[in-house]
There are 2 protein chains.
Amino acid sequence: MQKPRIKDVAARAGVGVSTVSVVLNNVEGARVSPETRERILSAARALGYTSNPIARSLRTRRTQTIGFVGDDIATTPFAGRMIQGAQDAAWQAGYLLFLVNTGGEHALERHAVRALLDRRVDGVIYATMYHRHVEIPEMLGDVSTVVLDACPTNGSVPYVVPDERGGAAAAVGELLRAGHRRIGFATESLEVPAASGRLAGYHETLAAARIPADPELVVAEHGDTTGGYRAATRLFDLGERPTAIFCYNDRMAMGCYRAAAERGLRIPYDLSVVGYDDQDLIAPELSPALTTVALPHYEMGTWAVRRLLELIRDDPEQSAQGHLMPCPLVRRDSVGPPPR
Amino acid sequence: MQKPRIKDVAARAGVGVSTVSVVLNNVEGARVSPETRERILSAARALGYTSNPIARSLRTRRTQTIGFVGDDIATTPFAGRMIQGAQDAAWQAGYLLFLVNTGGEHALERHAVRALLDRRVDGVIYATMYHRHVEIPEMLGDVSTVVLDACPTNGSVPYVVPDERGGAAAAVGELLRAGHRRIGFATESLEVPAASGRLAGYHETLAAARIPADPELVVAEHGDTTGGYRAATRLFDLGERPTAIFCYNDRMAMGCYRAAAERGLRIPYDLSVVGYDDQDLIAPELSPALTTVALPHYEMGTWAVRRLLELIRDDPEQSAQGHLMPCPLVRRDSVGPPPR
DNA sequence: TCGATTTGCTGAATCGTTTCTTCAAGGAGA
DNA sequence: TCTCCTTGAAGAAACGATTCAGCAAATCGA
């Protein structure tokens, strides 16, 4: 059995197709008698009619579709959250998501954007899987665009990134509240926005508490387990070792745990640790479970789509600004008062 | 500047639109002189013409689009790989992926499938984020479908799942080759296909090596870190403790590491361990790095899409069978010869 | 040379909507 | 009674492709 067309509904209701269209789309200011309206609605219901979006798109030039282009959707657990946030928000609004991943290749990316524009997507989410600066393809000038988890260096489109500074402030604040005054920061040696933002938050929060900055307490290593191990070791070797360490991410915190274990330092009694990222398989599974700061990937995904829908629906409104999404502190068991 | 239409190309080349269509689509058996063909192609190139897929779809009833419905695309790191595999395969074939996630809710799932059918997707990938049995929505009977990472209990559609049994055999085989004869299995207490498959692989491989089954050596706990810890503890408390433990997954292996550390058992000298899943943040990060079995999610994703495209292109060919995707062993540092 | 076939191409119908224009009927006002 | 609005609805023209049937001109066989 073929899907019913609008013509079938019209025939069953004994009216013209245009009237059916007008009724089913609730066109403003259309004049249709209540009886006719009811006849049409019940005919549509009886036939199980749903309009063909392809034909509709052809006529209206809108597809109720948005393109999601990401540089890497598989290798980070965060990507899924962003995608899911975007998907949920789109779905709620009656939009569907075209997903394309480019592997970070420039040529493929241009190809992908072209393919999406060809398909007449109503808008595009341009996402990167970790917070950084990006140059967005100029082709995106032709369509509403929102950048997700990155700062665009060209064009002027809305974007959303995590509030790294605020998250770091929350982490350090938690340690201050526990009574710590000598707080180390094991940071990432790469020049990424996340590192500079978190470092800034660390410094600001200490300054606000009138604790003088001690350059010794900031050590940079690779942002992985062994980097964390090394950073912690260096901090332990200081003349006066810190009573708490704020780690750039959970993986470094994991290395920090290992270094502490080797020195016989018990967390949180001899040492307090706070991480960043709230990674599923690390933070809750370490023992003791790690207090950390969560990245709001899901929320950024929904924000991006909602902002995009505003762009699509309203007039352009070129007030292209960035949005900082707060990073909530997740309290677990790795923070205690300083020893003695 | 508006996008050029086929009519513009025709006008520029001085031919009719039908000829342009025939040339650009490389229609078989069409008779067009080489000169005309060349004129049309260069006109199209000059105008930067690309056909409007919406209009094309309306006429041809094909959308070059496939729907991917998953029950949960965010919370597992595996989901991303499957999606990426599917996306890559689709992209290669000129298809785009509509992504929908249902959160496992039945109502939402029906809604999602209906939305995809409304949009006239050419096919649907029905994916679950861990290997299990599913009942697929009957609406999917109207469209080509492939089930990904699950066994459909109704209908007869192709599906692909990991070869759990083979993976377990590889893991146990590795331990046998290292010289172990007394090998424990820390399994998951839930009744899931992965657990029964891996258990079967374990038994078969031991049997093939003429090692009598010892029921004591199989202990079931929750499939997480604490479950692994408990299972390992129980195995250590046996009269004659195993020299190697095959863990249902990497998280259990992580718990097993912890239990071993507490008893002063050094891996791989006093105890060998093999995991399953090859989880990014666990297997390579543990110390020593964990030998484990990888789940072929990316490959399953590409397989599913390729199979789906066959279904779409060829005649139905109702030979709906399941495919077992091999799980490769990943050698790291947690396996050594048995002690003494 | 003449009909028959092949070649190369065109026009028009079609896909299923939306939307603009038109139009008949009925009621109101003069 | 005649004209002018208003109301309710229908018809037809888009949207931009594909594809089928048809039609001149060229070629061919005898």
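Chain naming here is simple, since letters A, B, ... match the order of the sequence lines and numbering starts at 1 in each.
Residue B:R31 has its side chain nearest to C:dG8 when only D:dA17, C:dT19, C:dG8 are considered. Counting only heavy atoms from C-beta on, A:V17 has its side chain closest to D:dA12 among D:dT18, D:dA12, C:dG8. Distances from the side chain of A:T19 to the nucleotides C:dC9, D:dA17, D:dA9 place D:dA9 closest. Here the side chain of A:S51 is nearest to one of C:dC15, C:dC9, C:dT17, namely C:dT17. The side chain of B:R59 lies closest to D:dT18, out of D:dT18, D:dC15, C:dT18.
For B:T153 (side chain) and B:V134 (main-chain N/O), a donor-acceptor pair under 3.5 Å exists by modelled atom type. Between the side chain of A:D122 and the main chain of A:I66, no donor-acceptor pair closer than 3.5 Å is present.
Note on B:S21: a base of the nucleic acid sits closer than 4.0 angstrom, heavy atoms only. Residue A:G14 is classed as a sugar-phosphate contact, given heavy-atom separations below 4.0 Å to backbone atoms only. At the heavy-atom level, B:V27 lies nowhere under 4.0 Å from the strands shown.
B:K3 has its NZ atom 12 Å from the P atom of D:dG16, to the nearest Å. Look at CG on B:N25: it is 17 Å from P on D:dG16, rounded to the nearest Å. Whole-Å rounding puts the B:R120 CZ to C:dT17 P distance at 8 Å. Atom CD of B:E28 is separated from atom C1' of D:dC20 by 18 Å (rounded to the nearest Å). In this structure, B:L47 places its CG atom 12 Å from P of D:dA17, rounding to the nearest Å. Rounded to an integer number of Å, the gap from CD of A:E35 to P of D:dT7 is 15 Å. The nearest whole Å value for the distance from the CZ atom in A:R5 to the P atom in C:dC15 is 7 Å. The nearest whole Å value for the distance from the NZ atom in A:K7 to the P atom in D:dA12 is 13 Å.
If B:A55 and B:R37 are placed on DNA chain C by their nearest nucleotide, the residue sitting closer to the 5' end is B:R37. Toward the 5' end of DNA chain C, the nearer of the two residues A:T60 and B:S18, judged by each one's closest nucleotide, is B:S18.
Side chains of A:R5 and A:D8 form a contact here, defined as non-hydrogen atoms less than 4.5 Å apart.
Ion pair A:K3/B:D142 not flagged as a salt bridge, since none of the NZ, NE, NH1 or NH2 atoms sits closer than 4.0 Å to an Asp/Glu carboxylate oxygen.
Side-chain nitrogen and oxygen atoms of B:N52 include none within less than 4.0 Å of the OP1 or OP2 phosphate oxygen of D:dC15.
In the displayed structure, A:H111 atom NE2 is contacted under 6.0 Å by at most 12 heavy atoms of other residues, nucleotides or ligands.
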